[in-house]
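Step one of this worksheet: look at the structure below.
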Amino acid sequence: MKRIDERFPRKERLQGKRNFDRVYKDGAVYRTQHIVLFCLRDNVEGRKAAFVTSKRLGKAVRRNRIRRRLREAYRRFRAGLPERVHLVFVARSGVAELEWEGLLGEMGTVLLRAGLKKS
RNA sequence: GGUGGAAACCAGGUGGCCGCGCGCGGCCCUACGGCCGUGUCGAGGAAAGUCCGGGCUCCUCAGGGCAGGGUGCUGGGUAACUCCCAGUGGGAGAAAUCCCAAGGAAAGUGCCACAGAGAACAGACCGCCUGCGGCGAAAGCCGCGGGCAAGGGUGAAACGGUGAGGUAAGAGCUCACCAGUGCCGGCGGCGACGCCGGCAGCUAGGCAAACCCCACCCGGAGCAAGACCGAAUAGGAGAGGAGAGACGGCCCGUCUCGUUCCCACUCUCGGGUAGGUCGCUCGAGACGCGCGGAGACGCGCGUUCAAGACAAAUGGUCACCGCAGCGCACGGCCGAUUCGUUCGGCUUCUUCAUGCAGCUGACAGAACCCGGCUUACGGUUUCCUCCGGCA
RNA sequence: CGCGGGGUGGUGCAGUCUGGUAGCACGCCGGGCUCAUAACCCGGAAGUCGCCGGUUCGAAUCCGGUCCCCGCUA
């Protein structure tokens, strides 16, 4: 079996306030129960993603854990995504209680809805 | 076994698979960077709150004062502290032990509600005693005046306590003892202070976490400090300045021609935004040993380099093992029973001792770096206090 | 990183500086007025003063600690 590329290097992280603002302003929005996805495909450089955990989700330890799990889940789908797309994943309350399989499933769902992934 | 208290320590482990950051090595490469390999490498005791104290950096700098703020028993530790250690004096407790912003109220100002007669150079309601007058058989009562502060009552607090003398009744009015205050002396201690002796006066309220006084300390900002590199656009400074003149503006000139400057163009320079790099981790460092000290801590020697992110890395997932608790089963005990069994309850003690792919596992994430404080929180060990039982 | 403001009946606020009585409005409850409702009139209940300590005879108030909420600068 061919090993799939599950890496997520630093340069694929979305950084800088202006990039975020652009995705929030011009990007399309897709929601599931625990994830909100902002997605911008027009006129962007590279494939970049970011994960947002607001203070409402808990203190720093809890937010870090949520963000790390989201990133791990994203890694599983990264290779099948388009080359030019900016993504911002926003965690909603309840993600922390989600099982790993459930989180993977939800990540797949939200990417499917955004049309970034074939079923 | 319980109970209360004090210290010290730990912060589950191992291994796959997939990732992230950093360092090192190699290869590719103009460079940014990419790929591969590799590592005693990669969160905490509080990384937290940001309550103190420093280092570091910049600003202002001739020195000082005032204002403002902080601290407040003594001695020591420290780079420094509001911290720590050792003591002193108070307080809590049966004890182990713990707690205390603990200078000054005979510098000044202010406050002390309600109650109460009186609350700050005390006061006289009831009361006690007494002189005179009146009434009355008397006890006594009434009126006017005087003496007193023992007793009652109020209050958080009422101007020493007990006893004796004294007196009309009383009172530190006098005396003895005690408590407390001030002063002097001696002894011990570096000192706070303690102990002892003497003298004085006769009692002097509390609150300075009220204003304040006294002593000591404090310049301001903060790593988004600060340093360097530096697009695009606009603007600034300087240099060059061809060609055309039918054609920009201005000046000289009637016009033509011509010239200077501006503009345009080219080049250079400096400031500087976005952005990037540095600051950024070797430091009051960590560990070990020895010495000094009662301790905080200090000194010496040796070894060692152990996170550096920036919409913010240090993880995700699976398996096994360990510890503690819980649950269930089994076992044990008790009760009921149709006495094969089945059902229900308990499993708190003693001895022996078993299983489960069972469940649960605390507080919490570095953001320039240290020293503290405070708060959150799971567990282990040791020592001590008191209580109960057994020997 | 550095600061500021706030927490008091159900709600919104006074009172805190200068310590002794917690007050106002709306709402709520009961009664009256009305055929009835509103308005109006009368009466009433309701507050661990965020929490924990300390100072004081006495603390919402003074002091220290702590928790939460809101906001500001870069």
Side-chain angles (χ1 to χ4, degrees):
Chain A
M1 183 179 170
K2 190 177 162 189
R3 211 181 59 171
I4 52 169
D5 188 4
E6 292 189 345
R7 286 176 304 175
F8 181 53
R10 176 143 303 204
K11 64 173 186 173
E12 290 200 14
R13 288 213 295 246
L14 187 65
Q15 293 173 316
K17 180 173 167 55
R18 276 183 310 189
N19 287 326
F20 275 84
D21 288 345
R22 226 157 75 83
V23 174
Y24 285 140
K25 188 164 172 289
D26 303 326
V29 187
Y30 307 93
R31 297 170 211 277
T32 63
Q33 196 185 346
H34 298 107
I35 301 174
V36 181
L37 171 62
F38 290 85
C39 169
L40 182 65
R41 306 190 63 175
D42 304 328
N43 203 18
V44 295
E45 286 278 321
R47 176 176 53 210
K48 290 171 185 286
F51 305 89
V52 175
T53 48
S54 79
K55 218 154 194 179
R56 219 187 315 168
L57 293 168
K59 298 189 179 181
V61 174
R62 199 176 154 84
R63 296 206 306 274
N64 281 348
R65 182 170 164 78
I66 291 167
R67 198 171 336 107
R68 285 163 180 162
R69 278 163 60 95
L70 278 174
R71 194 172 53 227
E72 293 294 326
Y74 168 77
R75 274 177 45 220
R76 302 297 160 91
F77 295 99
R78 190 199 70 114
L81 300 178
E83 302 240 335
R84 289 165 155 270
V85 63
H86 282 193
L87 302 166
V88 175
F89 295 89
V90 179
R92 311 178 81 172
S93 59
V95 256
E97 286 74 29
L98 215 55
E99 294 291 320
W100 175 240
E101 293 301 322
L103 183 64
L104 273 179
E106 197 150 333
M107 178 61 74
T109 306
V110 74
L111 288 170
L112 194 68
R113 282 190 198 169
L116 300 170
K117 164 181 171 290
K118 303 188 185 89
S119 56

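So you know, we letter chains A, B, ... as the sequences are listed, proteins then strands, and number each from 1. Reckoned from all heavy atoms, side chains included, excluding hydrogens, waters and symmetry mates.
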Among U314(B), G365(B), C20(B), the one nearest any side-chain atom of R71(A) is U314(B)
Checking A366(B), C18(B), A364(B) against the side chain of R75(A) (C-beta onward), the nearest is C18(B)
Mark this stacking check for F20(A) against A311(B) as yes or no, applying ring centres under 5.5 Å and ring planes under 30°.
yes
Can you measure I66(A) atom CD1 to A312(B) atom P for me and round it to whole angstrom units?
14 Å
Counting only Watson-Crick pairs (N1-N3 plus N6-O4 or O6-N4) and G-U wobbles (N1-O2, O6-N3), all under 3.5 Å, who is the partner of A67(B)?
none
Length of the line joining R13(A):CZ and A309(B):C1', which is rounded to integer Å
8 Å
Starting at the 5' end of RNA chain B and moving along, which residue's nearest nucleotide shows up first, R69(A) or R62(A)?
R69(A)
Nearest whole Å is fine: how far is G34(B) P from E12(A) CD?
11 Å
If pairing means Watson-Crick or G-U wobble with both distances under 3.5 Å, then the partner of C255(B) is none
Euclidean distance, atom CG of residue L57(A) to atom P of A311(B) [Å, nearest integer]
19 Å
R7(A) CZ to C17(B) P, in whole Å, measures 17 Å
Whole-Å distance, F8(A) CZ to G19(B) P, equals 14 Å
Scan R78(A) against the nucleic acid and name what it touches under 4.0 Å (heavy atoms): base, sugar-phosphate only, or nothing.
nothing
So what's A246(B) paired with, Watson-Crick or G-U wobble, going by both distances under 3.5 Å?
none
Check the chi torsion on G340(B) and let me know: syn if it falls within 90° of 0, anti if not.
syn
Residue-phosphate contact under 4.0 Å: R68(A) side-chain N/O, U314(B) OP1/OP2
yes
Could you tell me whether the side chain of E72(A) has a donor or acceptor atom within less than 3.5 Å of a complementary atom in the base of G315(B)?
yes
Using the P atom in both, what is the distance from C85(B) to G295(B), to the nearest Å?
14 Å
In Watson-Crick or G-U wobble terms, both distances under 3.5 Å, what is the partner of G53(C)?
C63(C)
Watson-Crick or G-U wobble partner of G72(B), both distances under 3.5 Å
C214(B)
Which residue is it: T32(A), V36(A), I35(A)? I am looking for the one with a side-chain contact (heavy atoms from CB on, under 4.5 Å) to R92(A).
V36(A)
Rounding to an integer number of Å, can you tell me how far K59(A) NZ sits from U375(B) C1'?
10 Å
Please report, rounded to the nearest Å, how far the C1' atom of A311(B) is from the CZ atom of F89(A).
15 Å
Nucleotide paired to C13(C) in any strand shown, Watson-Crick or G-U, under 3.5 Å:
G23(C)
